[in-house]
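Notes follow the structure.
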Amino acid sequence: MDTEFIYNLLGENAWLYISATFVVLWVIVWLYRDSLEIENITDKYVLVTGCDSGFGNLLCKKLDRKGFRVLAGCLTEKGADDLKRVAGPYLKTILLDVTNQDSIQKALEFTEKEVGEKGLWGIVNNAGRSLPMGPSEWMKVEDFHSTMKVNMNGVIAMTMTFLPLIKKARGRIVNVASVLGRVAANGGGYCISKFAVESFSDCLRRDINYFGINVCIIEPGFFKTAVTSLEPLERELDRLWNQLSPEVQASYGDKYLDKYIKIQRLIMNAICDTDLTKVTNCMEHALMAAYPRTRYSAGWDAKLIWIPLSYMPSCVVDIGLRLVLPRPSKSV
């Protein structure tokens, strides 16, 4: 069957039909491949950080019900006790501070005893913080560092420390970034750290894929968690404002802080999603899929606002933020 026969059969729109058929077949194959899952889940160990609340806490419960051997890293004893109380016998908690190398080393020694020769199937670097967040000029150097210490240095330290165990299992590294790792919409260390997580994950994936290890990036939109809680966000903005010199305060104006807080409340109440399973489902797929995706975007705002914005010219984002945020009184 030559191309002339196909053209005569389908008419002048032959290539349109052929292209559409190819696209449909590609989508069907992709969906089938995306649905395939790994076997022997009950033999696999997964370590999750930041499990006191939020995404990490919910993920551990879901993985435990699925049959994984879960090692939950909690910052506080209360968080660990609360999680153990509602989990099954195969979930174990570890007190873990991802900013402290001694704490990470103790967690490694505990994990090595648990997993033995099987290695560590997955690590989910979920621990993170958002504060302080606000106009960049309001920050001191230590304000940037306090956030990056958890979100950036903590992810790198955990990944590099546990990499030998993951390599042994030919497992998964799942790093939680953010849509603000694509679009820098806030001052402070949060966006900087999430851009760094994106870059670190991309570099790591390309370096170690030869060993059968998958590196996945989770990019949540805005969800109602401790990270987006309005009370601490506003308390931090007050602190940042009060540490400014009188000259800097005067350049913004007396009403700037109140306007900024009102706009922040409006945005958070409008776009924060209460369904945390949209994020944990992505994490779960990254751990269970035979062919995990490189990136997972969770939340309607991620798909409809932030990801499209990340592909637009910078001036579009700049204009959008100028329209939303208040204008300083001495702006030019």
Side-chain angles (χ1 to χ4, degrees), residues 27-42 44-74 79 83 86-88 90-91 120-128 130 151 155 158 166 171-182 194 197-198 201 205 213-228 271-308 310:
V27 169
I28 291 171
V29 170
W30 185 89
L31 289 172
Y32 171 72
R33 192 172 183 267
D34 193 60
S35 68
L36 297 176
E37 295 186 348
I38 59 172
E39 298 176 348
N40 302 321
I41 285 175
T42 54
K44 290 179 166 52
Y45 290 83
V46 176
L47 171 64
V48 185
T49 68
C51 300
D52 298 71
S53 62
F55 302 133
N57 188 278
L58 180 59
L59 177 65
C60 286
K61 294 172 186 174
K62 292 184 72 176
L63 295 179
D64 181 48
R65 289 195 294 269
K66 287 281 184 181
F68 279 101
R69 306 292 180 113
V70 182
L71 306 175
C74 298
L83 183 55
V86 296
Y90 296 117
L91 184 146
L120 183 64
W121 172 252
I123 181 171
V124 181
N125 285 308
N126 167 71
S130 62
N151 297 357
V155 169
M158 286 294 297
I166 298 165
R172 310 281 166 85
I173 298 169
V174 182
N175 291 332
V176 180
S178 169
V179 289
L180 296 185
R182 285 177 174 250
K194 293 305 183 179
V197 170
E198 295 268 355
S201 301
R205 183 184 67 254
I213 301 172
N214 293 105
V215 180
C216 304
I217 305 170
I218 312 294
E219 299 173 330
F222 283 61
F223 286 84
K224 281 193 180 296
T225 66
V227 168
T228 56
I271 68 175
C272 277
D273 197 329
T274 57
D275 185 7
L276 304 190
T277 61
K278 291 177 182 176
V279 178
T280 56
N281 287 344
C282 293
M283 296 172 171
E284 194 177 325
H285 187 275
L287 293 167
M288 294 183 62
Y291 303 98
R293 306 171 206 167
T294 300
R295 277 177 168 80
Y296 294 82
S297 298
W300 68 267
D301 61 315
K303 293 178 174 65
L304 299 180
I305 301 175
W306 303 107
I307 301 301
S310 71

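Here, residue 1 is the first one in the sequence, and each next residue gets the next number.
- Here salt bridge (charged side-chain N to carboxylate O under 4.0 Å, His left out) pairs that include residues 51-60, with residues two or more places apart or in two chains, number zero.
- Side-chain contact between Y90 and L63 is absent, with no heavy-atom pair separated by less than 4.5 Å.
- Residues L91 and A72 approach most closely at CD2-CB, 4.4 Å, considering heavy atoms.
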- Query: After noting the C-alpha distance and the side-chain angles of V48 and M283, does the key distance pass the side-chain contact (heavy atoms from CB on, under 4.5 Å) rule?
  - Reply: CA-CA 10 Å; V48 185; M283 296 172 171; over 6 Å; no

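- The minimum heavy-atom distance between C51 and N57, with the atom names listed, is O-ND2, 3.0 Å.
- Side chains of D301 and D273 form no contact here, defined as non-hydrogen atoms less than 4.5 Å apart.
- Using bins of under 30°, 30° to 60° and over 60° for the plane-to-plane angle, the ring pair F55/F223 lands in the perpendicular bin.
- Applying the salt bridge (charged side-chain N to carboxylate O under 4.0 Å, His left out) rule to pairs touching residues 28-39 yields D34-R293, sequence neighbours excluded.
- Atom CG of L287 sits about 11.0 Å away from atom NZ of K44, to the nearest 0.5 Å.
- Closest approach of V155 and N151 over heavy atoms only: CG2-O, 3.1 Å.
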*Check step by step if side-chain contact (heavy atoms from CB on, under 4.5 Å) holds for R172 and I38.*
CA-CA 12 Å; R172 310 281 166 85; I38 59 172; 3.9 Å; yes

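- Separating the CG atom in L58 from the OG1 atom in T225 is a distance of 12.0 Å, to the nearest 0.5 Å.
- We find the OH-CG distance between Y296 and N281 to be 11.0 Å, quoted to the nearest 0.5 Å.
- The CG atom of L59 sits 9.5 Å away from the CZ atom of F68 when rounded to the nearest 0.5 Å.
- The two residues E198 and S178 come nearest to each other via the heavy atoms OE2-O, 3.8 Å.
- Residues W121 and R69 fail the side-chain proximity criterion, which asks for heavy atoms closer than 4.5 Å.
- Between V179 and E219 the shortest heavy-atom distance is CG1-O, 3.7 Å.
- Residues P220 and A177 come closest through the heavy atom pair CD-O, 3.6 Å.
- A distance of 11.5 Å separates NZ in K194 from CD1 in I217, rounded to the nearest 0.5 Å.
- A donor-acceptor pair is defined here as one N or O able to donate and one able to accept, closer than 3.5 Å; no such pair exists between the side chain of N175 and the backbone of V197.
- Within the 3.5 Å criterion, the main-chain N or O of N126 finds a donor-acceptor partner in the side chain of T49.
- The line from SG of C60 to CG of L47 is 8.5 Å long, rounded to the nearest 0.5 Å.
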In sequence, state the C-alpha distance, the side-chain angles, and the governing distance for E284 and K66, and then conclude on side-chain contact (heavy atoms from CB on, under 4.5 Å). CA-CA 10 Å; E284 194 177 325; K66 287 281 184 181; 2.7 Å; yes

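- Within the 4.5 Å cutoff, the side chain of K61 has heavy atoms near those of the L83 side chain.
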